[in-house]
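Written below as structure tokens is the structure these notes are about.
Note on naming: letters A, B, ... go to the chains in the order of the sequence lines (proteins, then strands), and numbering restarts at 1 for each one.
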Protein chains: 2
Amino acid sequence: MSTIKEVARLANVSVGTVSHVISGSVPVSDQLRRRVTEAIRALDYHPNHIARSLKTSRTRILGIVVPDMTIPFFPQVIRGAEAAARKRNYYLVAVNSDDSSNRQREVLSLLRSQRVDGILLVVAAGQGSITQITQIRQSGIPVVCLDRLPENISIDSVCVDDCAAADMGVSHLISMGHQRIAILTGPLTLKNEQDRLQGYNNALTRAGLAVDATLIWEANFHQEEITRICGEHLRDAQRRPAALFSTNGVTGLGVLKALHVCGLNTPDEIAFATFDELTIEEVFRPAITTVVQPAYDIGHRATDILINRIERCMLDASTVSIRLPATLKIRETSLALAHVL
Amino acid sequence: MSTIKEVARLANVSVGTVSHVISGSVPVSDQLRRRVTEAIRALDYHPNHIARSLKTSRTRILGIVVPDMTIPFFPQVIRGAEAAARKRNYYLVAVNSDDSSNRQREVLSLLRSQRVDGILLVVAAGQGSITQITQIRQSGIPVVCLDRLPENISIDSVCVDDCAAADMGVSHLISMGHQRIAILTGPLTLKNEQDRLQGYNNALTRAGLAVDATLIWEANFHQEEITRICGEHLRDAQRRPAALFSTNGVTGLGVLKALHVCGLNTPDEIAFATFDELTIEEVFRPAITTVVQPAYDIGHRATDILINRIERCMLDASTVSIRLPATLKIRETSLALAHVL
DNA sequence: CTGTTAGCGCATTCAT
DNA sequence: ATGAATGCGCTAACAG
């Protein structure tokens, strides 16, 4: 790897001049500029960002931490963030936290050690995120939270309007004639899961339906457990709800697996709607009624806010909390039951 | 952000000593060690990797470049790579190339400028990758190619045994009684698409079936175009094949969309098998017969080889080419046609 | 075992 | 408009 010094020697100028033509911050005569660019090409010179960052203490790199990139929602968020970063001349690196607070601590530490200019964070499900976030911010690195918001901390954030989105989905099920509607949530330690549950409550209440605690099923993010938990509730035909709403893609998939295990058909035997697209609805059956989050936009907006913070355009602005609307895609699984019609 | 100097001052030792306790490479007395670790905690000190790397010219960071993280195959590869990297105390950052040679040049340049210790590359579909790879290797950064292999260059690589995998899928269709079998490929400029086509040819030939050029359909990676191309071929009922094999997940999805547009049912009107899982087969219909690649393993193996190269365990070893076997998941879409039975 | 110091590659004053 | 010199934070050699 050639250095700026070698370029300077070949072009027969000083390192300062090379630096100037690269940064463009100081005028350089055409002749020297040409000599320098030629030398750069000849040596296949790539400026050492490491050295540059050590000097400037800025890396133009953003980090994004997500629980698990194999959950389809997150790559979309990342793509949105990447696009926004690119537009403003930043790069984005993505890492997984495995939804583990400990691993999250590790990757955040990595990002700090790498001196990324800012961090986009989808917090892990466990405890301890607040301390981690506080430390990072104290060290001067801006953090924006996406999708999942930590509680008891004032921080820039971008996510869907969870309460309204769940309300919309459940209200739709109600409008299709269903009354006994169950909800399968992720861990309720997560604020956004709580909010989605709240939306469910709101929708029922507004429709004059009683909220039945036995129809609120809390799960986690482990596929087998979700399926087991859901299956247990569905087994008893007497108690079985007319419709089921799940608050995220992972639990949604668990619902489908549980229905499959129990030999239940949707929508004939039970209606179903979920947060997050589970598959390509055009070509696969059942076509699932879905509350679709603007994943790309969430990533994009969050990144814009983050870069604003970094570049001090928003130094004294108070916390920004963006709540984006979700979209309801009505499909087959929420059709009214035959015997209700 | 505190520095090693501040830690040294607070612990009342020299910076050298602090460095020694952090690296563990040089013995330090228990007393000083304790003082130092306390100071580190007190100051919430995070070593500046930037400065360290400038000194050591090693970053312990690996980069992986994939065409598009939203294609489910790639996150799995990345996870495998991440796990392998973590085991050997490296970190992994992932970036997208958008399957564009130009963008690939940009991100590779970024990775070089960041001085990553090694690069995992799934080459973009267009031309120009070879020059890019050659330059990187000349600069001393090891590169391992995954999934897609560039031609005319000797380089470490890990991918599925494309020819055998396609052969397996097509042979299965033949064994189900199909004779007129079409293949929908991605761009044949890609070596692995060529190999998969070769596997198709081999399977037909071995079965004594003629290879019909009008049944070889070449597409690209653009969803709408794939659907259009496939739809055009399927429209004519006279010429329609009995079965269709697609060589990757993106074209596979295009097939399903085209079938949907044409109102064709699989397997009743046309059998179908594809490379790569398109959805969660347990719960969605149609359940598609699939050639499943060991995506996680591909990432894992490639990363191991890369780190071996980096750490010189394999300095003079010749090029390593790993070919992993695929698995055939036989499901509904490849059932024999009713009128054939 | 512990302290001192040179220098990694670059951006940035400050001279000229 | 160009060049020379300084130091970012750290590691590794060396000295003690």
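Although no hydrogens or angles enter the test, the distance criterion places no donor-acceptor pair under 3.5 Å between the side chain of A:Thr17 and the main chain of A:Val13. Without hydrogens or angle criteria, A:Ser53 side chain to A:Ile50 main chain gives no donor-acceptor distance under 3.5 Å. In terms of modelled atom types and a separation under 3.5 Å, the side chain of A:Gln104 and the main chain of A:Ala124 share a donor-acceptor contact. Side chain of A:Ser113 to main chain of B:Pro47: a donor-acceptor pair is present (N/O by atom type, distance under 3.5 Å, no hydrogens or angles).
The residue among B:Ser25 and B:Leu54 whose nearest nucleotide of DNA chain D is located toward the 5' end is B:Leu54.
By the 4.5 Å heavy-atom criterion applied to side chains, A:Asn192 and A:Leu149 are not counted as neighbours. In this structure, A:Pro67 and A:Asp98 have side chains that are not in contact, with every pair of non-hydrogen atoms separated by 4.5 Å or more. Using a 4.5 Å heavy-atom threshold, the side chains of B:Ser109 and B:Val107 count as separate. Between A:Phe73 and A:Val122 there is no side-chain heavy-atom pair separated by less than 4.5 Å.
Within 6.0 Å of CZ in A:Arg79 there are more than 12 heavy atoms belonging to other residues, nucleotides or ligands. Within 6.0 Å of atom CZ in A:Arg9, 12 or fewer heavy atoms from other residues, nucleotides or ligands are found, so the atom counts as exposed in its surroundings. Dense packing is recorded around CZ of A:Arg148, with more than 12 heavy atoms of other residues, nucleotides or ligands lying under 6.0 Å away.
Where DNA chain D meets chain A (any atom under 4.0 Å from a heavy atom), the bounding nucleotides read 5' to 3' are D:dA1 to D:dG9.
When heavy atoms are screened at a 4.0 angstrom cut-off, B:Thr56 is found touching the sugar-phosphate backbone but no base atom. At a threshold of 4.0 angstrom between heavy atoms, the contacts of B:Val26 include nucleobase atoms, whether or not backbone atoms are also involved.
If you take CD of B:Gln114 and C1' of C:dC8, they are 16 Å apart, rounded to a whole angstrom. The separation between B:Ile4 atom CD1 and C:dT4 atom P is 14 Å, rounded to whole Å. The distance from atom NE2 of A:His46 to atom C1' of C:dC10 is 17 Å, rounded to the nearest whole Å. Going from atom CD1 of A:Ile22 over to atom C1' of C:dG9 covers 11 Å, rounded to whole Å. Separating the NE2 atom of B:His20 from the C1' atom of C:dT5 is a distance of 12 Å, rounded to the nearest angstrom. Rounding to whole angstrom units, CZ of residue A:Arg58 and P of C:dT12 are separated by 11 Å. Counting to the nearest Å, the P atom of C:dC10 and the CD1 atom of B:Ile50 are 14 Å from each other.
If you check residues 29-40 of chain B against DNA chain D, you find no residue with a heavy atom closer than 4.0 Å.
Phosphate contact (OP1/OP2 of C:dG3, side-chain N/O of B:Thr17, threshold under 4.0 Å): present.
In this structure, the helix from C:dC1-D:dG16 to C:dT16-D:dA1 shows an angle of 40° between the axis at its start and the axis at its end, each fitted on 5 base pairs and rounded to 10°.
Ion pairing between a basic and an acidic side chain is recognised when a charged N comes within 4.0 Å of a carboxylate O; A:Arg60 and A:Asp117 show no such pairing.
Residue B:Lys55 has its side chain nearest to C:dA6 when only C:dC1, C:dT2, C:dA6 are considered.
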